[in-house]
Each structure stands twice: as C-alpha cells, then as structure tokens.
Amino acid sequence: MRKPVIAGNWKMYKTIAEAVDFIEKIKPVAAQAGHCEVIVAPPFTALAAAAAAAKGSKVSLAAQNCHWDKEGAHTGDISIGMLRNAGCRHVIVGHSERRHDCGETDEQVNKKVKAALAAGLTPIVCVGETLAERENGETEKVLERQFTGGLAGLTPADFSRIMIAYEPVWAIGTGRTATPEMAAEAHGFLRALARREFGESEADGVRILYGGSVKPDNIGGLMAQEEIDGALVGGASLKVDSFTALLNYPCG
Ligand code: PGA
C-alpha cells in the first residue's frame, strides 16, 4: 500500500510569521489526517522557524530547491546540509518553474537527487510536459527523458527513497487541471518506466503525486485514481481553509 502524500508548495509566498502561523493552525488538522502524509515547502527564509513550529507534529518540511555541492562559492544557493540543519526532510527537485525560469537541466536535477539521497533527504522529483509538447504528441517522450535523465545512475534502493510529482506545465497555476484519467495515464506511464528501470517492487512502491491546479473541489476525483498517490499543490496550499480541505479530501 502506498500512503498518500499531500504536499503544499508555497513558492515565493509567506513571511516567517505567516509560515509559523499557518503551521500552528494546520497541526491539529494534520494530526487527524491519519490517511495521508503532510508536507509543506516554505521559502528558504521561513524554513527554520516553520520546522521549529512543526516539531513533534505530523507536518514535515520540504525545501523548494537545493544545490548539490556540500558547500562552496555558489552565491544565492543553499546546500542540502543547510536544509537538513534548518529541519527539512524533503526537497522538491526539478520543478517546472525552475526548469523554465532558471534553465535547470535533467543533469542538474540528477545531481540534486543524488546529493539529497546521500544526505538522507527525500527528493520529490518533478516531471511534466508543456502544452506544445502535449499537443505535438510528445508527452511520453518528454516524461521518459526527464525520468531517465533526472534519475540516471540511481540504484533500486535509491529509487525506493524518492517521490515523483507529475506536473503538466500547462496545468500549473492556470486553473486548468488534467482530468483524473489524463493524470492517471501519465502516472501509469511513469510507473511503467519505474518498472523497466528499477524493478517491480520499486515501481509498485513509489509514490507519484499529481500537481497542477489541484483544488479542494477536484482533489477527490484525482485521488480516486489508483495510480495517483497524492498531490503537490501550489495556490490552494496557501490558505489554511483550502489546505485543510485538501487534507480532508473525500476518500473512497
Ligand atoms: P498550482 O501549483 O497548484 O498552483 O497549480 C502546483 C505546483 O507548481 O506545484
């Protein structure tokens, strides 16, 4: 059984005080949400305070990015050791906004994934096609390239410690969600790749989250798909009410 994961990606939103306030309010809700794991990804500046607020609760912290080096002359970057030190247990890697805004490549994603694993953090590896790629019938080709490139050189044991997020770029922040069937088809394709590259039990065990305009009113349909093991949520994770509704998504 794959335990569902509901993860909030706060992107470049929330001050330290806002992050702490949110965590305090969500803790009792998360405590009741025995059916899923609860993750939030604040901006770097709020991580340590958010982790202190979340301590001892069911809410765990993710960073939104990392550098692969342990330390060094990388102005503006953050190492995985620093993220651990701030209280993170997960790190989002290869989000499409970083691929598009910052030119992040599959090779860089791969280095980040390996560094995160080596340091004991769970990478949440994002993949997804653009609208043009989908319309050109290239969805599977793109997913395969991002999957094999981003996860190159991992052992099956490494693979069993990651999460994947399928986030079609055209659905992120647009209000245009993939239908549950479309998402499930892509997830099935990714799971088949996992089976081919890493093995049967690894493919059965990996959690594949869907991301892209997940809201309280569409999460139920998405989560009803057997292939969908959770959600990575941007906009709707920013308000306590809507994040609460996401955690309490209708099950079965
Ligand atoms: P969205 O963002 O829920 O606002 O579409 C999802 C994401 O970027 O992870």
Side-chain angles (χ1 to χ4, degrees), residues 4-14 18-19 22 26 36-44 46-47 50 59-66 88-104 109 112-113 116 121-131 133-134 139 142-143 146-147 150 162-180 182-184 186-187 190 207-223 225 228-249:
V5 179
I6 305 296
N9 173 11
W10 288 354
K11 308 191 179 184
M12 202 168 70
Y13 292 96
K14 292 197 191 294
E18 288 165 349
F22 185 104
I26 215 73
C36 64
E37 282 182 30
V38 183
I39 300 175
V40 291
F44 289 138
L47 275 177
V59 180
S60 67
L61 273 289
Q64 299 174 18
N65 182 36
C66 62
C88 279
R89 291 179 40 206
H90 313 269
V91 57
I92 297 171
V93 179
H95 191 281
S96 65
E97 285 154 10
R98 295 206 57 83
R99 291 180 190 262
H100 298 134
D101 294 357
C102 311
E104 194 161 301
V109 169
K112 293 179 184 196
V113 169
L121 248 59
T122 302
I124 304 172
V125 185
C126 302
V127 296
E129 80 287 359
T130 63
L131 185 59
E133 288 163 343
R134 176 162 283 267
T139 298
V142 171
L143 294 181
Q146 292 177 339
F147 183 100
I162 75 165
M163 295 183 201
I164 295 172
Y166 168 61
E167 298 206 307
V169 178
W170 47 270
I172 295 177
T174 58
R176 190 175 165 196
T177 330
T179 63
M182 273 162 93
H187 285 220
L190 289 164
R207 266 103 44 104
I208 308 180
L209 320 189
Y210 168 78
S213 297
V214 177
K215 310 275 181 235
D217 63 1
N218 62 27
I219 190 169
L222 290 159
M223 294 301 292
Q225 294 285 333
I228 300 181
D229 307 313
L232 180 57
V233 188
S237 75
L238 290 169
K239 295 234 160 63
V240 171
D241 285 358
S242 56
F243 195 64
T244 298
L246 292 169
L247 294 185
N248 293 329
Y249 65 85

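Heavy atoms only: backbone and side chains are in, while hydrogens, waters and symmetry mates are out. Quick note: residue numbers are just sequence positions, from 1. When a ligand or atom number is given, it counts from 1 through the structure's own listing order. Bear in mind the structure is a predicted one, so any value in this text is a computation, not a measurement.
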(request) Only counting residues at least two apart or in another chain, list the ones meeting side-chain hydrogen bond (donor to acceptor under 3.5 Å, both in side chains) with N218. (result) T177

(message) Other residues, nucleotides and ligands only: do more than 12 of their heavy atoms fall within 6.0 Å of CZ on R207?
(response) yes

(request) Evaluate the side-chain proximity of V40 to S237: yes if any heavy-atom separation is below 4.5 Å, no if none is. (result) no

(request) Sort out the contact shell of ligand 1: every protein residue with a heavy-atom distance below 4.0 Å, listed by chain and number. (result) N9, K11, H95, E167, A171, I172, G173, G212, S213, L232, V233, G234, G235

(message) Which residues pass the ring-ring contact (aromatic ring centres under 6.0 Å, His included) test with F22, not counting sequence neighbours?
(response) W10, F243

(request) Not counting sequence neighbours, which residues clear salt bridge (Lys or Arg N to Asp or Glu O under 4.0 Å) with E167? List them please. (result) none

(request) With the side chain counted from C-beta on, respond yes when Q64 and P43 share a heavy-atom pair under 4.5 Å apart, and no when they do not. (result) yes

